> 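The structure that follows is given in the form of structure tokens.
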Amino acid sequence: MNQDQKIKEIVLLLLGSLSILSIICLSYFTWPSSDDISLYLDLAHRSVWQQCTSMYMHWDGRGFSLPGLIQYSLLKYTSSRFTVFIWSLLFCCTVFLFYRILVLEMNQESTLSKKQVFISISFLSLVFWYGMWSHICQTVYWATGGVYICGCFWASILLYTILRMVKRDFKTYSSLHKIRYFFLVICLSFVGGSIAQNLFPALIVFYVLQYTISIKEIRSQTFLYILFIASFLALLLGGLVLYAAPGNYSRASLGPNTLHLGFMPIVRHALFAIAFYGYKSIALVLSVGVALFALFLASRKRISQTSFSLKILFNEGFWSFLENYKWLLVAMTTMLPFVVVPDFISPRTAIFFMFFLAIFLFHFASIKATHLITEEKKDTPLNTKTLFYMLSCIFVLHLLVMTVQFRSAYYIQKDIMQRYNYLQQKSNQGKNIIVNVITKPIPFALQFDDISKDSCYWINKAVSKYYHLHSITLKLK
């Protein structure tokens with residue numbers, strides 16, 4: 001590597017570091033919102049374990065999941081700002097695991113240096129950050145909703161562990177090492193099965209497809225075969241704990257959340273789920289497309305005019321089809337619960353679909369690219385001048401966007417915290433309080449559900465109860 005290439009690498013390293021730092025630091029400009037207040041009320045007179053039990057029995061099976069336990073612990077013993085800070089860290093860790101999963105799926109070790117790997121992860125962080133625009137304010141920068149990114153993080157650990165596991169040679173492991181590894185995988189599998197209702201069927205499909213694809217490797221080692229089966233059973237047990245929660249059925253009995261069975265309703269709701277998730281994933285597909293286009297331009301390769309054919313996308317054997325489309329099938333399976341209970345679908349639940357879809361897009365592109373392009377000159381991609389300028393522009397544009405986000409968040413946070421301070425002064429007085437409307441625009445990456453003009457609205461009631469007021473409403477214009 002010459003001096004010019006070293007300078008380019010240092011510049012990208014600096015810009016990538018600032019980009020990741022901006023994603024994490026945005027968590028400072030957050031505030032309690034809607035469900036946060038309700039959870040604060042519950043946790044004020046309950047222990048974390050009591051809160052988990054109450055949620056499991058009366059609201060949602062995820063109450064007993066590890067992400068739920070982490071969420072309630074953070075909300076009880078820390079501030080909402082620190083909680084969101086942890087979620088933003090887990091977002092970056094999830095992107096790192098996404099990169100490691102891609103490396104494993106491509107069946108080749110990365111030839112990049114540690115600095116170049118960090119630059120790649122920084123770039124992928126931006127791909128996900130903008131790709132998740134439809135729900136990032138609810139799944140990362142919201143104390144309550146951050147349980148979803150926490151769940152995605154633990155799911156990515158499980159996926160990475162299983163993919164590494166089927167490639168390991170356990171014949172060289174000692175008995176003690178095997179026992180430790182066995183209990184680690186079992187615990188991760190149980191946690192993975194209990195994370196979320198729409199993630200559980202996707203993980204089942206992943207296990208089945210991975211076993212089908214790697215059946216020779218798995219059956220070649222007795223310990224690996226036993227470990228894989230035990231891991232799958234632990235996943236099923238975690239899912240059973242999740243789905244058997246009385247809270248699931250209590251919640252489904254409230255309002256319009258009803259079970260829809262029958263051929264036509266299922267078909268109609270399946271099409272709705274596909275359209276809903278497809279719409280929410282447009283930004284992710286565009287972000288991944290930009291990333292792949294940038295890598296293609298920088299790779300000094302060109303499309304072969306004689307090699308392109310639609311047969312390239314589908315002309316493959318059954319086993320190759322499973323391996324190439326595995327992640328797409330897993331992603332589609334995340335919609336299954338909403339086929340029968342469509343009222344529970346939300347932008348937040350799309351996070352798992354997007355994670356699997358992104359793996360599929362990158363993995364599929366890397367496989368099919370060999371049929372469509374011809375190499376003109378061998379070179380390390382991160383050392384090419386084209387990619388340097390493209391990544392530099394992308395990082396700088398992101399930093400400019402974040403500057404606007406920080407500025408808007410600073411002023412809106414100032415108004416919101418001023419209102420909370422006013423309510424704190426009026427607390428324990430049992431008065432009817434009227435507050436001004438927050439007029440400043442909310443940054444797209446941050447979450448704020450305001451109270452309404454109706455004092456009986458559930459957020460108004462939670463806020464008034466939290467501050468020991470008789471009622472709270474917005475001032476009429």
Side-chain angles (χ1 to χ4, degrees), residues 94 97-108 151-152 154-168 170 185-186 188-221 223-240 242-243 270 273-274 277 281 288 313-339 349-368:
T94 303
L97 288 167
F98 173 87
Y99 171 82
R100 296 302 303 167
I101 290 172
L102 279 182
V103 172
L104 284 177
E105 283 294 88
M106 292 176 185
N107 293 318
Q108 57 183 10
C152 193
W154 286 105
S156 61
I157 292 179
L158 174 61
L159 295 172
Y160 178 71
T161 302
I162 298 301
L163 292 172
R164 283 291 302 271
M165 183 179 75
V166 298
K167 298 178 184 294
R168 287 182 181 272
F170 288 98
V185 172
I186 295 302
L188 283 176
S189 302
F190 179 82
V191 169
S194 62
I195 288 176
Q197 287 85 348
N198 69 318
L199 176 64
F200 174 64
L203 292 177
I204 289 180
V205 172
F206 167 76
Y207 267 78
V208 173
L209 293 178
Q210 190 62 47
Y211 179 82
T212 305
I213 294 169
S214 308
I215 188 170
K216 292 182 179 180
E217 293 84 352
I218 294 173
R219 289 197 170 186
S220 63
Q221 301 182 62
F223 177 76
L224 177 58
Y225 178 74
I226 295 174
L227 180 59
F228 194 92
I229 298 301
S231 174
F232 182 67
L233 293 177
L235 178 79
L236 293 178
L237 181 61
L240 178 63
L242 173 69
Y243 274 89
I274 293 173
Y277 273 7
S281 302
V288 173
L313 301 179
F314 307 105
N315 187 20
E316 51 198 358
F318 176 73
W319 300 107
S320 297
F321 177 84
L322 284 183
E323 188 168 0
N324 296 344
Y325 291 88
K326 172 180 66 178
W327 292 106
L328 180 60
L329 295 173
V330 172
M332 296 297 290
T333 315
T334 60
M335 305 177 190
L336 280 180
F338 309 117
V339 171
T349 61
I351 188 172
F352 305 115
F353 173 81
M354 291 184 181
F355 183 81
F356 296 131
L357 180 63
I359 297 178
F360 165 73
L361 292 174
F362 278 107
H363 181 229
F364 187 78
S366 68
I367 294 173
K368 298 303 178 181

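Everything numeric here is computed off the predicted structure, so don't read it as measured data.
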> On a heavy-atom basis, which atom in T212 and which in I215 lie closest, and how many Å separate them?
O-CG2, 3.7 Å

> Report yes if some heavy atom in the side chain of F360 is under 4.5 Å from a heavy atom in the side chain of K326; otherwise report no.
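No, side chains not in contact.
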
> Looking at E105 and L163, what are the two nearest heavy atoms and their distance?
OE1-CD2, 3.5 Å

> Could you state the interatomic distance from NE2 (H363) to CG (N324), rounded to the nearest 0.5 Å?
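If we round to the nearest 0.5 Å, H363:NE2 and N324:CG are 6.5 Å apart.
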
> Looking at every non-hydrogen atom in both residues, tell me the closest pair between I195 and A155 and how far apart they are.
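Answer, listing the atom of I195 first, then A155: CD1-N, 3.9 Å.
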
> Flag the pair L97 / L159 as yes when at least one side-chain heavy-atom distance between them is below 4.5 Å, and no otherwise.
no

> Check the orientation of F355 and F98. Use parallel for under 30°, tilted for 30 to 60°, and perpendicular for over 60°.
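F355 and F98: perpendicular rings.
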
> Do M354 and Y277 come within less than 4.5 Å of each other through their side chains, counting heavy atoms only?
no

> Which pair of heavy atoms, one from Q210 and one from V166, lies closest together, and at what distance?
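Here Q210 and V166 meet closest at NE2-CG2, 4.0 Å.
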
> What side-chain donor-acceptor pairs closer than 3.5 Å can you find for residues 197-205, not counting sequence neighbours?
residue	atom	partner	partner atom	Å
Q197	NE2	D60	OD1	2.9
Q197	NE2	N248	OD1	3.1
N198	ND2	T349	O	3.1

> Looking at A331, is its backbone amide N or carbonyl O close enough to the side chain of T334 to form a donor-acceptor pair, meaning the two atoms are under 3.5 Å apart?
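Yes; at least one donor-acceptor contact below 3.5 Å.
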
> Starting at CE of M165, measure out to CZ of F228 and round the result to the nearest 0.5 Å.
5.5 Å

> I need the minimum non-hydrogen distance between L158 and G192, along with the two atoms involved.
CD2-CA, 4.0 Å

> Measure from the ring center of F364 to the ring center of Y325 and say whether it is less than 6.0 Å.
yes

> Among Y160, F356, W327, find the one that has a ring pair (Phe, Tyr, Trp, His ring centres under 6.0 Å) with F206.
W327

> Between Q221 (side chain only) and F170 (backbone N and O only), is there a donor and an acceptor less than 3.5 Å apart?
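Here the side-chain-to-backbone pair exists.
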
> Roughly how far, to the nearest 0.5 Å, is CZ of R168 from CG of L227?
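Separation between the atoms: 10.5 Å.
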
> Can you confirm whether F190 sits close enough to L235 that some side-chain heavy atom of one is under 4.5 Å from a side-chain heavy atom of the other?
no

> Working to the nearest 0.5 angstrom, can you tell me the gap between L233 CG and L240 CG?
12.0 Å

> At what distance, to the nearest 0.5 angstrom, does CG of L242 lie from CG of L237?
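Atom-to-atom, L242:CG and L237:CG are 11.5 Å apart.
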
> Scan residues 199-208 for pairs that pass side-chain hydrogen bond (donor to acceptor under 3.5 Å, both in side chains), counting only residues two or more places apart or in two chains.
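As it turns out, the side-chain hydrogen bond (donor to acceptor under 3.5 Å, both in side chains) pairs with a partner in residues 199-208, which skip direct neighbours, are S189-Y207, Y207-S231.
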
> Could you report the tightest heavy-atom contact between L104 and K167, atom names first, then the distance?
O-CE, 3.7 Å

> Among all residues two or more places apart in sequence or in another chain, which pass the ring-ring contact (aromatic ring centres under 6.0 Å, His included) test with Y225?
none

> Quick one: CD1 on I351 to SG on C152, what's the gap to the nearest 0.5 Å?
4.5 Å

> Donor-acceptor pair, T333 side chain versus L329 backbone, under 3.5 Å?
yes

